[in-house]
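Just so it is clear, the structure is predicted and the values come from calculations on it, not from any experiment.
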Amino acid sequence: NEFLKKAQLRVINITQEQIMFERFDENEKILLIASRSKYQSELKIPEEYTDAEVIFKNGCSNIDLLAPYGAIALKVKKSKG
């Protein structure tokens with residue numbers, strides 16, 4: 001996958017419950033969030049990902065809640081302008 005070969009990495013947040021990081025290039029961005037806890041946790045995603053496409057999730061994770069040891073990936077296309 002060309003995107004994964006060339007995309008840069010930005011760590012957004014690491015807590016006891018979650019790790020959140022972003023992979024990005026000039027055309028798109030993917031936000032990845034993984035749970036580090038055996039408990040469900042609330043997600044507070046960056047505003048720019050509010051309407052993002054969910055491209056991966058496991059467990060019953062969704063844009064608001066992260067399942068125990070779950071994960072979710074959200075993708076947005078960067079606007080050209």
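Residue D25 comes nearest to N27 through the heavy atom pair OD1-N, 2.8 Å, listed as atom of the first residue, atom of the second, then distance. When all heavy atoms of F24 and K29 are compared, the pair lying nearest together is CB-CG, 3.6 Å. Listed here is the closest heavy atom pair of K75 and A52: O-CB, 3.5 Å. Minimum heavy-atom separation, S35 to L66: N-CD2, 3.4 Å. The heavy-atom pair separating P46 from M20 by the smallest distance is CD-SD, 4.0 Å.
The cluster map of Ile, Leu, Val, Met, Phe, Trp and Tyr, joined by side-chain heavy atoms under 4.5 Å apart, puts L74 and F21 in different clusters. By the rule that hydrophobic residues join a cluster once side-chain heavy atoms approach within less than 4.5 Å of another member, Y39 and Y69 end up as members of separate clusters. No single ILVMFWY cluster, assembled from side-chain heavy atoms under 4.5 Å apart, contains both I72 and I19. In the hydrophobic cluster analysis, where Ile, Leu, Val, Met, Phe, Trp and Tyr join through side-chain heavy atoms closer than 4.5 angstrom, L43 is grouped apart from I30.
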Show me the donor-acceptor pairs within less than 3.5 Å that the side chains of residues 55-65 make with the rest of the protein, sequence neighbours left out.
{"residue": "N58", "atom": "OD1", "partner": "A71", "partner atom": "N", "Å": "2.6"}
{"residue": "S61", "atom": "OG", "partner": "N58", "partner atom": "O", "Å": "3.1"}
{"residue": "S61", "atom": "OG", "partner": "A67", "partner atom": "N", "Å": "3.0"}
{"residue": "N62", "atom": "OD1", "partner": "D64", "partner atom": "N", "Å": "2.7"}
{"residue": "N62", "atom": "OD1", "partner": "L65", "partner atom": "N", "Å": "2.8"}

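The shortest side-chain heavy-atom distance between E17 and R36 does not fall under the 4.5 Å cut-off.
I12 pairs with exactly one of I45, L31, L32 by the side chain to side chain contact (heavy atoms under 4.5 Å, CB included) rule, that one being L31.
Between the side chain of R23 and the backbone N or O of L4 there is at least one donor-acceptor pair closer than 3.5 Å.
Here CD of E48 is found 5.5 Å from CD of E22. Values are rounded to the nearest 0.5 Å.
Not counting sequence neighbours, the partners of Q18 by the side-chain hydrogen bond (donor to acceptor under 3.5 Å, both in side chains) test are S41.
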